[in-house]
Amino acid sequence: MIEELLAHHILDHSFNISLWGFNLPITQHSVYMFGISVLLFVLLLIFAKKKGGRVKTFLEMFVTFVRDEIVVPNLGEKEGRKLTPFFCSLLIFLLTANYVGMLPGARTVTSNISVTGGMAILSLILILGLSIKENGPIGCIKTFVPGGVPKWLVPLLFPLEVLSLIIKVFVLAVRLFANMTAGHIILIGLFSFIFIMGERGIAYGYGTAGPVLGMTLFVSILELLVAAIQAYVFTLLTAIFAGLQMHSH
């Protein structure tokens with residue numbers, strides 16, 4: 001019972017909706033993603049129209065932080081300012097999705113590898129698009145060949161460099177997915193330990209409950225920190241990889 005209550009945070013289920021004979025890929029996670037996107041759009045639009053207030057001041061500080069600490073140092077002043085809205089949207093969406101998933105009865109969309117994989121592919125498109133814009137199509141291809149490399153090594157290094165970029169993006173997806181899933185799995189394991197000990201006797205079960213609840217509280221607080229860190233890391237690494245690909249020599 002406890003396992004089911006916790007596992008629903010990371011499991012996805014299809015609604016099996018059909019339209020003209022075609023099954024629509026609408027699942028609980030896709031509904032949550034759409035809901036989070038609409039909620040952020042409406043709330044940010046409302047706060048943007050306000051002339052002042054603490055929330056708007058906080059949002060301005062948030063945008064300034066993303067621009068000055070993440071985007072501009074990696075992409076440069078010109079491209080950094082243009083892409084600040086994208087990276088702000090990416091970071092605030094990930095933060096909201098991670099924290100919504102911790103609410104009772106909610107779903108953690110970032111615990112779905114399909115979701116994080118899709119976001120990683122979006123990062124890959126951005127990285128390659130910026131490289132093509134900065135260096136041109138031929139120049140983008142040349143970025144996969146380190147400067148000063150002998151010509152006979154190019155056929156070996158080129159596929160390795162391409163594979164290296166793909167692995168970097170793949171790791172973005174796996175890191176976010178694994179960290180957001182791990183916290184719930186740990187909680188499931190901790191609660192299960194109470195019932196495992198309870199099978200040996202009621203005293204064992206009650207005796208285990210106290211320490212387990214204490215560890216559960218600690219893990220839950222740790223999850224709050226991990227949710228913020230993983231959202232920040234995903235955004236930061238996307239900017240770093242894009243900058244490296246743009247200015248590769």
Side-chain angles (χ1 to χ4, degrees), residues 29-30 32-34 36-37 40-41 44 59-101 108-137 139-144 146 160-183 223 225-249:
H29 284 176
S30 62
Y32 265 82
M33 284 191 294
F34 179 76
I36 290 170
S37 300
L40 287 175
F41 178 80
L44 292 176
L59 290 174
E60 290 175 352
M61 293 173 60
F62 175 83
V63 173
T64 302
F65 170 79
V66 174
R67 183 193 65 196
D68 296 343
E69 301 297 331
I70 298 178
V71 188
V72 171
N74 291 291
L75 302 181
E77 185 73 22
K78 182 179 178 181
E79 292 298 330
R81 288 186 174 275
K82 290 180 180 179
L83 289 169
T84 295
F86 170 81
F87 283 95
C88 286
S89 301
L90 177 62
L91 180 55
I92 199 168
F93 175 82
L94 288 174
L95 281 171
T96 306
N98 289 348
Y99 283 126
V100 165
T108 309
V109 299
T110 47
S111 67
N112 188 330
I113 189 63
S114 298
V115 174
T116 59
M119 299 186 71
I121 291 174
L122 180 63
S123 295
L124 178 61
I125 293 172
L126 174 71
I127 292 168
L128 294 177
L130 288 174
S131 180
I132 293 173
K133 182 180 179 182
E134 180 74 16
N135 306 298
C140 176
I141 296 175
K142 289 182 178 179
T143 59
F144 292 101
L160 289 177
E161 290 293 324
V162 173
L163 182 62
S164 173
L165 178 59
I166 294 175
I167 291 174
K168 288 176 182 177
V169 175
F170 176 74
V171 169
L172 279 179
V174 173
R175 179 188 288 110
L176 181 58
F177 155 75
N179 280 279
M180 296 313 300
T181 304
E223 271 197 289
L225 180 62
V226 169
I229 290 175
Q230 291 307 313
Y232 172 77
V233 167
F234 191 101
T235 307
L236 176 63
L237 289 181
T238 298
I240 291 175
F241 296 156
L244 290 174
Q245 204 65 31
M246 286 175 61
H247 308 116
S248 179
H249 299 287

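- Contact check for Asn112 versus Thr181: no side-chain heavy atoms found under the 4.5 Å cut-off.
- With hydrogens and angles disregarded, a donor-acceptor distance shorter than 3.5 Å links the side chain of Thr64 to the backbone of Glu60.
- Ile36 is not listed as a side-chain neighbour of Phe41, based on a closest heavy-atom distance of 4.5 Å or more.
- In this structure, the side chains of Leu122 and Phe86 come closer than 4.5 Å at one or more pairs of heavy atoms.
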Could you please spell out the steps behind the side chain to side chain contact (heavy atoms under 4.5 Å, CB included) verdict for Ile113 and Thr116? CA-CA 5 Å; Ile113 189 63; Thr116 59; 3.5 Å; yes
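- Closest non-hydrogen pair, Leu75 versus Ala242, comes out as CD2-CB, 3.7 Å.
- Under the salt bridge (charged side-chain N to carboxylate O under 4.0 Å, His left out) criterion, Lys133 pairs with Glu79, sequence neighbours left out.
- Using a 4.5 Å heavy-atom threshold, the side chains of Phe87 and Leu91 count as separate.
- Pro85 and Ser89 get closest at one heavy-atom pair: O-OG, 2.8 Å.
- Between Phe177 and Thr110, every side-chain heavy-atom pair lies at or beyond the 4.5 Å cut-off.
- Here the side chains of Met119 and Leu94 are in contact, with some heavy-atom distance below 4.5 Å.
- Smallest separation of non-hydrogen atoms from Ala227 and Asn98: O-ND2, 2.9 Å.
- Residue pairs that meet the side-chain hydrogen bond (donor to acceptor under 3.5 Å, both in side chains) test with at least one member in residues 233-242, sequence neighbours left out, are Ser123-Thr238.
- For the side-chain contact (heavy atoms from CB on, under 4.5 Å) test, residues two or more places apart in sequence or in another chain that qualify with Leu124 are Leu128, Leu165, Val169.
- A 4.5 Å side-chain heavy-atom check between Ile141 and Asn135 finds every atom pair outside the cut-off.
- Proximity of a side-chain donor or acceptor of Ser131 to a complementary backbone N or O of Ile127 within less than 3.5 Å is not detected.
- Residues passing the side-chain contact (heavy atoms from CB on, under 4.5 Å) test with Phe65 are Glu69, Ile70, Tyr232, sequence neighbours excluded.
- To the nearest 0.5 Å, atoms CD (Gln245) and CG (Leu130) are separated by 10.0 Å.
- When the side-chain contact (heavy atoms from CB on, under 4.5 Å) test is applied to Ser37, the partners found at least two apart in sequence or on another chain are Phe93.
- In this structure, Glu161 has no side-chain hydrogen bond (donor to acceptor under 3.5 Å, both in side chains) partners at least two apart in sequence or on a different chain.
- Heavy-atom minimum distance, Phe62 versus Cys88: CE2-O, 3.9 Å.
- Remark: Leu237 pairs with Leu172, Arg175, Val233, Ile240, Phe241 by the side-chain contact (heavy atoms from CB on, under 4.5 Å) rule, at least two apart or across chains.
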Report the C-alpha separation of Leu176 and Val115 in whole Å, then their side-chain angles, then the decisive distance to 0.1 Å, and conclude whether the side chain to side chain contact (heavy atoms under 4.5 Å, CB included) test is met. CA-CA 10 Å; Leu176 181 58; Val115 174; over 6 Å; no
